[in-house]
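Okay, structure first, notes after.
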Amino acid sequence: MKKYFLLAIIGLSVFYKGFAEEGMWLPQLLQSMNEKDMKRMGMKINASDIYNINRGSLKDAIVSFGGFCTAEVISDKGLLLTNHHCGFDAIQTHSSLQNNYIKNGFWAYNNGQELKNEGLFATFIVRIEDVTKAVLSGLRDDLSEKERQGLIDKNMAALKQMVKKESYQDILIRSFFEANKYYLFVTETYRDVRLVGAPPSSIGNYGKDTDNWMWPRHTGDFSMFRIYAGKNNKPAAYSPDNVPYQPKRSLQISLDGVKEGDFTMVFGFPGRTNEYLHSSAIEQTVRVNDPAKVGIRTKALQVIDGFMRSDETIGIQYAKKYANISNAWKKWQGEILGLTKSNAVQKRKEMEDGFEKIVLSKPELNVAYVGLLNNLKTAYDKIEPYGFARDYFSEITSKIEILGFANQLKAVVNAYEKNGEAGYAEAKTKAIKRLEDDYGDYSVAVDKKLFEVLMDMYVADQKDNYVSPFFKSLLKQNNNNYAKTADAVFSQSKVYDSKKLQTLLTGSAKDVTEAITNDMAYQLILDMQETFSKEVAGNLNALQAEINQLQRIYMKAQMDVFTKKAFYPDANSTLRVTYGNVKDYQPRDGVKYEFQSYMEGVMEKYVPGDYEFDLPKKMIDLYNKKDFGRWGVNGRQPVCFIAANHTTGGNSGSPALDAYGNLVGLNFDRVWEGTMSDINYDPSICRNIMVDIRYVMFIVDKYAEAKNLIAEMKFVSKKTKK
Ligand code: ARG
Ligand code: GLU
């Protein structure tokens with residue numbers, strides 16, 4: 001018995017070696033899986049200081065911010081820190097020409113000045129439980145996929161009824177490891193979250209699209225909010241009587257900065273990764289899907305950029321749309337580059353060869369998994385044309401806005417058909433509100449040009465049977481001229497303009513729904529959707545279901561075959577910890593990037609009056625006087641730094657913590673060469689980018705002079721550390 005125990009320990013220590021840097025780990029499993037490794041890499045606290053359900057731990061300072069970003073509590077009065085680009089919607093909503101908080105920044109110098117934000121929320125994770133057994137109970141191998149999912153849904157519903165929770169808490173069950181495991185989350189969501197501070201976007205988004213996904217970086221990408229609670233400190237709807245939330249735990253802020261090799265961890269809500277794909281899926285991403293999406297966006301961005309440069313109003317209207325389209329566009333290009341440069345497909349194939357060898361060598365594995373890799377390859381080969389069509393359809397129909405506007409009116413027509421006059425009236429009010437909102441930053445000229453250019457790609461690059469017959473005949477009527485076809489559609493549609501919409505929606509419910517159905521943009525989007533669902537969606541969905549099933553088996557197979565490897569589940573917007581060391585990197589031969597940037601670099605990039613690289617005068621003055629206060633070191637102000645932490649979209653706003661669990665940075669991006677980490681993490685070039693917390697504090701203290709905020713935070717440095 002003792003001997004086996006010893007063997008198990010030896011086995012485990014092999015298991016623990018060398019899986020540093022890559023991985024988005026489950027906080028409740030750190031103690032059993034990662035603690036040793038984390039300490040080896042320099043961590044000075046225990047796993048139980050990070051996740052503990054019996055007393056306050058670091059996890060009690062981390063929230064999902066609105067479901068799309070991460071934020072952390074940095075004072076015992078519920079002060080939240082997140083990115084500028086995460087708080088942007090809130091900042092924009094409160095902005096007007098008189099009070100342009102995007103341009104000038106916003107600071108509340110007392111609680112009374114803080115601004116409420118409808119719809120914004122902050123969710124804490126109270127505890128996490130493994131419920132795999134209960135969720136999968138009763139499953140048999142002979143069930144079809146549909147029966148299997150039906151049973152799982154039933155089990156999950158029953159579980160939600162049974163689990164003990166307080167009335168103000170919620171329960172969430174999520175699948176992990178491609179649906180081989182299930183965890184349950186008890187959460188607490190606060191819905192009174194107020195805006196406290198944001199720097200001008202010339203600081204918070206310094207370098208904009210040019211610097212996005214790039215190192216070296218000089219952006220102060222942060223904003224501050226505050227959680228308010230009812231008098232009992234529990235979640236409560238917005239009320240002027242609410243009080244600042246008292247957290248179980250808030251983060252202390254380190255004044256010490258980081259050195260090369262220092263331990264760091266990033267705690268947050270990463271959105272989506274695909275780390276366990278078959279090599280043919282990676283190959284397809286590089287050769288087919290990423291280039292398709294990049295190609296469409298390249299054209300769309302050219303169109304928008306042309307208008308933005310020649311028309312100032314369009315420049316303002318399209319700034320956010322341009323940034324959104326360009327963000328993923330740039331990331332996918334980095335992904336292609338990184339996957340190619342790192343030979344990701346070849347490496348994955350070598351891993352698969354190893355997998356196959358072990359499977360063939362063991363009868364029990366052989367029975368379960370022989371042929372699996374082949375089946376995966378066949379399924380990916382089959383899905384390729386449908387995947388391409390899906391990317392084309394979704395990219396094009398989301399960039400040509402008139403199609404999206406028309407699509408919104410479907411709800412009105414459907415409501416009338418289903419629920420008569422009453423349903424109609426409600427749906428109409430909703431649609432008008434949404435459309436009027438969208439018209440605020442819409443230009444017909446831009447959209448017409450987008451229509452012309454992108455519909456050309458829709459026809460030219462796709463198999464004929466994937467193209468809407470309605471569009472084909474329109475095109476023919478207009479001598480195959482896309483500009484003329486665009487004119488025709490826009491002149492016979494009323495969905496893209498406030499006045500026209502009013503005309504379209506005036507009359508009896510019956511007349512209006514009929515008019516909508518006859519609108520040309522409406523007819524076009526409906527026919528495009530119909531063509532897509534007839535020619536593509538059926539096959540696409542069936543193949544995707546098959547791939548999901550095969551990937552589920554393959555995930556389990558990898559765990560059964562590589563028994564010494566520690567596996568982490570793909571990101572799925574649940575709370576994770578990732579850790580690594582502060583590290584420079586070499587993007588290409590002969591070039592080395594330092595891990596830290598300074599304010600000298602901010603000044604080097606400064607271009608007065610520029611759209612991307614302008615600076616507020618006060619920042620320049622502070623720099624010239626070297627007035628950095630206690631936030632500078634040896635007369636220099638640190639700005640950003642990089643480390644090898646495995647992060648992805650959704651980790652924006654996540655805290656970067658040092659070996660003691662103190663706040664040293666705020667995560668906001670990754671380096672371009674490493675964006676492939678969503679599919680293939682490579683420690684030699686994958687780095688996350690963080691704002692140095694001392695730059696954040698310099699801006700709050702010296703630039704904004706928000707002494708009220710500095711006063712409520714707690715700072716530590718080596719002198720005060722044990
Ligand atoms: N690339 C970062 C992310 O994926 C930052 C995006 C916001 N900044 C920008 N310049 N668009 O969210
Ligand atoms: N900027 C990203 C976000 O908003 C984080 C960067 C990344 O994708 O790693 O979540």
Side-chain angles (χ1 to χ4, degrees), residues 22 24 62-72 81-89 91-92 102 198-215 217-223 266-275 297 301 304-305 308 318-335 338 570-576 578 580 605 610-614 640 642-656 665-682 685-691:
E22 174 172 359
M24 300 171 166
I62 317 294
V63 294
S64 163
F65 184 78
F68 53 88
C69 275
T70 306
E72 49 277 359
L81 178 65
T82 188
N83 289 144
H84 187 269
H85 78 264
C86 297
F88 189 82
D89 262 338
I91 303 165
Q92 188 177 43
I102 299 175
S201 64
S202 53
I203 296 172
N205 194 10
Y206 188 65
K208 296 217 169 65
D209 296 309
T210 299
D211 269 14
N212 193 19
W213 299 113
M214 296 294 206
W215 184 256
R217 193 62 156 275
H218 299 91
T219 312
D221 194 348
F222 81 95
S223 60
V266 174
F267 208 166
F269 292 84
R272 185 81 200 119
T273 59
N274 288 290
E275 309 286 355
R297 289 191 180 207
L301 289 168
I304 299 172
D305 183 62
M308 284 175 77
Y318 277 71
K320 197 174 158 215
K321 284 183 211 172
Y322 188 92
N324 276 343
I325 299 172
S326 133
N327 192 38
W329 170 77
K330 199 164 176 184
K331 187 200 128 169
W332 289 322
Q333 292 176 68
E335 189 167 86
D570 268 319
N572 60 356
S573 297
T574 59
L575 186 61
R576 303 296 177 89
T578 160
K605 287 176 176 173
D610 186 62
Y611 161 70
E612 298 189 299
F613 292 99
D614 200 8
C640 292
I642 51 172
N645 293 297
H646 189 177
T647 54
T648 189
N651 269 127
S652 272
S654 296
L666 178 63
N667 186 74
F668 72 105
D669 213 356
R670 276 175 288 166
V671 304
W672 201 51
E673 297 83 359
T675 55
M676 61 158 175
S677 62
D678 291 347
I679 297 176
N680 177 58
Y681 187 90
D682 185 329
I685 48 171
C686 292
R687 299 286 180 275
N688 66 315
I689 306 179
M690 295 148 282
V691 197

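Numbers here are sequence positions counted from 1. Numbering of ligands and ligand atoms starts at 1, following listing order.
Nearest non-hydrogen protein atom to atom 10 (O) of ligand 2 is Gly650 N, 2.6 Å. Nearest protein heavy-atom neighbour of atom 3 (C) of ligand 2: Ser652 OG, 2.3 Å. Annotation: atom 11 (N) of ligand 1 to nearest protein heavy atom, Asn212 ND2, 3.6 Å. Scanning all protein heavy atoms for the shortest distance to atom 6 (C) of ligand 1 gives Asn327 OD1, 3.6 Å. Of all protein heavy atoms, the one lying nearest to atom 2 (C) of ligand 1 is Asp669 OD1, 3.3 Å.
When only interatomic distances are considered, the shortest N/O to N/O separation between Asn667 and ligand 2 does not fall below 3.5 Å. Looking at Phe668 next to ligand 2, an N or O pair under 3.5 Å apart turns up. When only interatomic distances are considered, the shortest N/O to N/O separation between Trp213 and ligand 2 does not fall below 3.5 Å. On a distance-only criterion, Asp669 and ligand 2 share no N/O pair closer than 3.5 Å.
Distances below 4.0 Å separate heavy atoms of Arg670 from the following atoms of ligand 2: 7 (C), 8 (O), 9 (O). Within ligand 2, counting atoms from 1 as listed, the ones closer than 4.0 Å to a heavy atom of His85 are 1 (N), 3 (C), 4 (O).
When heavy-atom distances to ligand 1 are checked against a 4.0 Å cut-off, Asn205 comes that close only through its side chain, counted from C-beta outward. Residue contacts with ligand 1 for Trp213 involve side-chain atoms from C-beta outward but no N, CA, C or O (heavy atoms, distance under 4.0 Å). When non-hydrogen atoms are compared, ligand 2 lies under 4.0 Å from neither the backbone nor the side chain of Lys331. With a heavy-atom cut-off of 4.0 Å, His85 touches ligand 1 through its side chain alone.
The existence of a salt bridge linking Arg217 and Asp669 is confirmed by a sub-4.0 Å separation between a basic side-chain nitrogen and an acidic carboxylate oxygen. At a threshold of 4.0 Å, the pair Arg670-Asp678 counts as salt-bridged, since one of the basic side-chain nitrogens sits closer than that to a carboxylate oxygen.
Ligand 2 lies out of reach of Phe269, whose nearest heavy atom is not under 4.0 Å from it.
Remark: side-chain polar atoms of Arg297 are paired, donor with acceptor, to backbone N or O of Ile325 under 3.5 angstrom. Using a distance-only test at 3.5 Å, with no hydrogens or angles considered, a donor-acceptor pair links the side chain of Asn667 to the main chain of Asn651. Remark: the backbone N or O of Phe269 is paired with a side-chain donor or acceptor of Thr70 at under 3.5 angstrom. Of the possible donor and acceptor atoms, one in the side chain of Ser201 sits under 3.5 Å from a partner among the backbone N and O of Ile102. Thr273 contributes no side-chain N or O that, together with a main-chain N or O of Asp570, makes up a donor-acceptor pair within less than 3.5 Å.
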* To do: Run the numbers on Ser573 and Arg272 for side-chain contact (heavy atoms from CB on, under 4.5 Å), then give the verdict.
  => CA-CA 7 Å; Ser573 297; Arg272 185 81 200 119; over 6 Å; no
* To do: With ring-ring contact (aromatic ring centres under 6.0 Å, His included) as the test, would you mind laying out the steps for His646 and Tyr681 before giving the verdict?
  => CA-CA 8 Å; His646 189 177; Tyr681 187 90; 4.5 Å; yes
* Step by step, work out the side-chain hydrogen bond (donor to acceptor under 3.5 Å, both in side chains) result for Asn572 and Thr574. => CA-CA 5 Å; Asn572 60 356; Thr574 59; 2.6 Å; yes
